[in-house]
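These notes concern the structure reproduced below.
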Amino acid sequence: MDELLAKLTAAQQQAVTHIDGPLLVLAGPGSGKTRVITHRVAHLIHQGIRPYNILAITFTNKAADEMRQRIAAFNLPRGSTICTFHSLAARLLREFHEKADLPADFSIYDDADQRSAVRDATKKIELDPQNFPPAQMLNQISACKNDLESPEQFAARRTDFRGQKIALIYSAYQKQLKQNGALDFDDLLMKLALLLRDSELRDLLNQRFRYVLVDEYQDTNHCQYQIARGLALNHRNLCATGDPDQSIYGWRGADIGNILAFEQDYPDAKIVRLEENFRSTPQVLDLADQLIRANKKRKIKKLFTSLPPGSPCELAEFEDEYDEARGMTDWLQSLKEQNLEYRQMAVFYRVNSMSRPLEEALRRATIPYQIVRGVEFFQRKEIKDMIAYLRLLINLSDQVALKRVINRPTRGIGQTTIGRIFDHANSSGKDLWQILNNIDQVPTLANAARTRVKKFVAIIADLQKNLNQPVRQIVQTTYKKTGMESLLKADKNEDPHDNVCELVNSAAQYDNDSEAPSLAEYLQQIALVSDSDAYDAESGSVSLMTLHAAKGLEFPAVLIIGVEHGLIPHARSLDSEDSLEEERRLLFVGITRAQQKLRLSFARRRTNQGASLTTIRSEFLRTLQGLDFQQSLSPYEDFNDADEFQDEFQPIRRNNYQSHHRPHQWNNSPKKSKKRRPTSIDDSQTSTSTRSDINLQPNQLVRHPKFGLGRVKSISSDREHCFVVIQFNTGARKTLDLQYAKLDILD
DNA sequence: ACCTTTCTAGTTTTT
DNA sequence: CTAGAAAGGT
């Protein structure tokens, strides 16, 4: 052990050797935080503490797996609990389900399930989902749950008309979940937090988990904060690690104040700062620091590294997203020539939809890539159907699941029949499965419908006999006996069938990995999959992911695309200083993933919802010095490529209509755009982009979809908006916000 | 009951 | 643009 300590810095050693009492580790990016946590767990065990008494809470399952492996490498006894907040909650709620007043095999509802349930709830209390959109309601409800606020408390706070209605929906939704034997993601946390108010149970858990570690503490919400506090209430052996500068989940209730106030919560806490960076070149670190310095609400941290200098960070400009995508493949290929492997490269973007043009370009360039999006697979229709069947097997009260599969494949059970069954369930107050098993007692049903429902119930009952088999087996028989297999095999699109095979594989994998496999546990596990869980370091391919999913990872080469106003920072984050700072932290997280090579890129126009819009560079670029600016001086210009459309549509093709041709031209690289024009105000001196300039200049001819042709009279911008005054040919003179105006730049 | 067509509304980030 | 819901026809 001493030998292991010797490899750590003084600060790291302090954190590792601290045993009893609260500990806060403020760890800058790349400062060896994971190393500290794993060493600390090893050290605790080495000191004679039983692994069983140690609980480490990570942010993703992936992180938990990795940590488990790294601790296993110390060759110490195993048995520590390492998991996420959500899976900890799911486990404990299952274990103590009676105390929590839950069925043992509750369902866990994902986004779509939640929407369906809240929709049903809204209708049930005779409100129109049109006026109370499920997604919006869920946002509000989620916020409540994160703050441990009950419907009654919400109603007391929001006394306005709409607030009262939302409170009713919240309450009806909870009732609906209860009736379905289901919990949503937020419920998992909320129920655990509430459970911990029971002193008997809390004492028991305090005794079990005598040492508690919480990673990424800056991203805990109030509920998680209460859980952490409750779990360590008696012994106070709470170790929180994190970095306020990497707090990027404020939008889902994370409270950066939790980490900032740790010292107030635990006045006797030992504080350790890890400021030496072992990951990035001085250039990368310097850029990150320049960016994050602009945030006002933060704890100043001085990051430093003793790594040797690398190459300058780059900023690259492109014509549009397709151009940018090809810029990406070029860059990746040039790095490959410099002896980097593809698996050492990553591309980050702000929103998932930005991956499309990238994928296309990567396929065309035959560069292997993986999209790190774990949840996507489980959102496919056929997979959701299969999971709904499986859920139904262990929880027949699950109305959302039942509704989903009762008529898939079609069994002649339509909406009317389903409606009547549910109505009966609601009015009689009986469990759904009781009604299904005694379908003759539903008076409103036609005989034919009864027969069909009975047939369906027989299928489910038959499947339920085999629940003690391996999960792979259960999934396979379910696929067969429900008729899903014949349905999907008859489809000329083979993907759905292949996907179910993939699901079978995942079940087999689970059977292998788990000590005591059960369908319930398997379902719980896949319900809590996160995007980053899909990252495969061994795959040998370039990784594509959102900036959020990039947290906790590192790559020798990193490209961040779409560094534009409205994207980074995102348009929905512009209205408050706090959310703007969070966007800055998000970019900070992205930048600090890079070990050696870092490039940011942006496009001058980007297709948004079918329309190509002129963009503005991100204002975050303004404060950055020392970026090596690469303009795309039409490296992709190819006049041979100009097909017959070019001449015919020349005046139009400079405009939005360009994008209409795009989806169809797989082989043709999208026709490009002529010579680069000095469309920026100060192109000449932008070697380090010191200002956020736009691609317009006075007197420029433009076209607006509504107002027609016009000329730019003046341009002005503040931090958040860029306004242009345009004199239109119709006589109108308008001031337009570039963010919204769909302007085409004409010659 | 079910299929097709039409329309409308919603578009950040995620456990 | 695209997915999902309402509407209308068979």
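Labels below follow one simple rule: chain letters A, B, ... track the order of the sequence lines, proteins then strands, and each chain is numbered from 1.
In this structure, A:D245 contributes its side chain and A:R585 its backbone to no donor-acceptor pair below 3.5 Å. In this structure, A:E582 contributes its side chain and A:G250 its backbone to a donor-acceptor pair below 3.5 Å.
Using a cutoff of 4.0 Å between basic side-chain nitrogens and carboxylate oxygens, A:R380 and A:D385 are not scored as salt-bridged.
With both ends at atom P, the span from C:dG4 to B:dT13 equals 15 Å, rounded to whole Å.
A:K145 and A:Q140 share no donor-acceptor pair across their side chains, judged by distance under 3.5 Å alone. Using modelled atom types and a 3.5 Å distance limit, the side chains of A:E564 and A:S618 yield no donor-acceptor pair.
Nucleotide B:dT14 holds its P atom 9 Å from the CZ atom of A:R350, rounded to whole Å. Following rounding to the nearest Å, A:K381 (NZ) and C:dA3 (P) show an atom-to-atom distance of 10 Å. Separating the CZ atom of A:R115 from the C1' atom of C:dA3 is a distance of 10 Å, rounded to the nearest angstrom. Residue A:Q379 contributes atom CD, which lies 10 Å from atom P of C:dG4 at whole-angstrom precision. What separates CG of A:D219 from P of B:dT14 is a distance of 13 Å, to the nearest Å. Taking atom CG on A:D111 and atom C1' on C:dA3, their separation rounds to 15 Å, with Å as the unit. When the P atom of B:dT14 is taken as reference, atom CZ of A:R252 falls 9 Å away, rounded to whole Å. Going from atom CZ of A:F378 over to atom P of B:dT15 covers 12 Å, rounded to whole Å.
If you check every strand for non-hydrogen atoms under 4.0 Å, A:S87 touches nothing. Within 4.0 Å of A:F85, counting heavy atoms only, lies no atom of the nucleic acid at all. A:D110 comes within 4.0 angstrom of nothing in the nucleic acid, heavy atoms only.
In the displayed structure, A:R298 atom CZ is contacted under 6.0 Å by more than 12 heavy atoms of other residues, nucleotides or ligands.
A cation-pi arrangement, defined by a distance under 6.0 Å to the six-membered ring centre and an angle within 45 degrees of its axis, is absent between A:R593 and A:F348.
When distances are taken from the side chain of A:T546 to each of B:dA1, B:dT13, B:dT15, the shortest belongs to B:dT13. Listed nucleotides B:dT13, C:dA6, B:dT14 differ in distance to A:S530; the shortest reach to its side chain belongs to B:dT14. Comparing B:dC3, B:dT14, B:dA1 against the side chain of A:T410 picks out B:dC3 as the nearest. With B:dT12, B:dT11, B:dA1 as the candidates, the nucleotide lying closest to the side chain of A:S573 is B:dT12. If you check B:dT15, B:dA1, B:dT12 against the side chain of A:V351, the one that comes closest is B:dT12.
Side-chain nitrogen and oxygen atoms of A:T417 include at least one within less than 4.0 Å of the OP1 or OP2 phosphate oxygen of B:dA1. One finds no side-chain N or O of A:N352 lying less than 4.0 angstrom from the OP1 or OP2 phosphate oxygen of B:dT12. Taking only side-chain nitrogens and oxygens, A:N61 never comes nearer than 4.0 Å to OP1 or OP2 of B:dT15.
Heavy-atom nearest nucleotides on DNA chain B were determined for A:A449 and for A:L189, and the one closer to the 5' end corresponds to A:A449. Remark on DNA chain B: of its neighbouring residues A:G414 and A:I248, the 5'-side contact belongs to A:G414, judged by nearest-heavy-atom nucleotide.
Stacking between A:H86 and B:dT15 is absent: the aromatic ring centre is not both under 5.5 angstrom from the base six-membered ring centre and within 30 degrees in plane angle.
The salt bridge (charged side-chain N to carboxylate O under 4.0 Å, His left out) test with A:R391 singles out one residue from A:D110, A:D105, A:D113, and that residue is A:D113.
If you check residues 122-131 of chain A against DNA chain B, you find no residue with a heavy atom closer than 4.0 Å.
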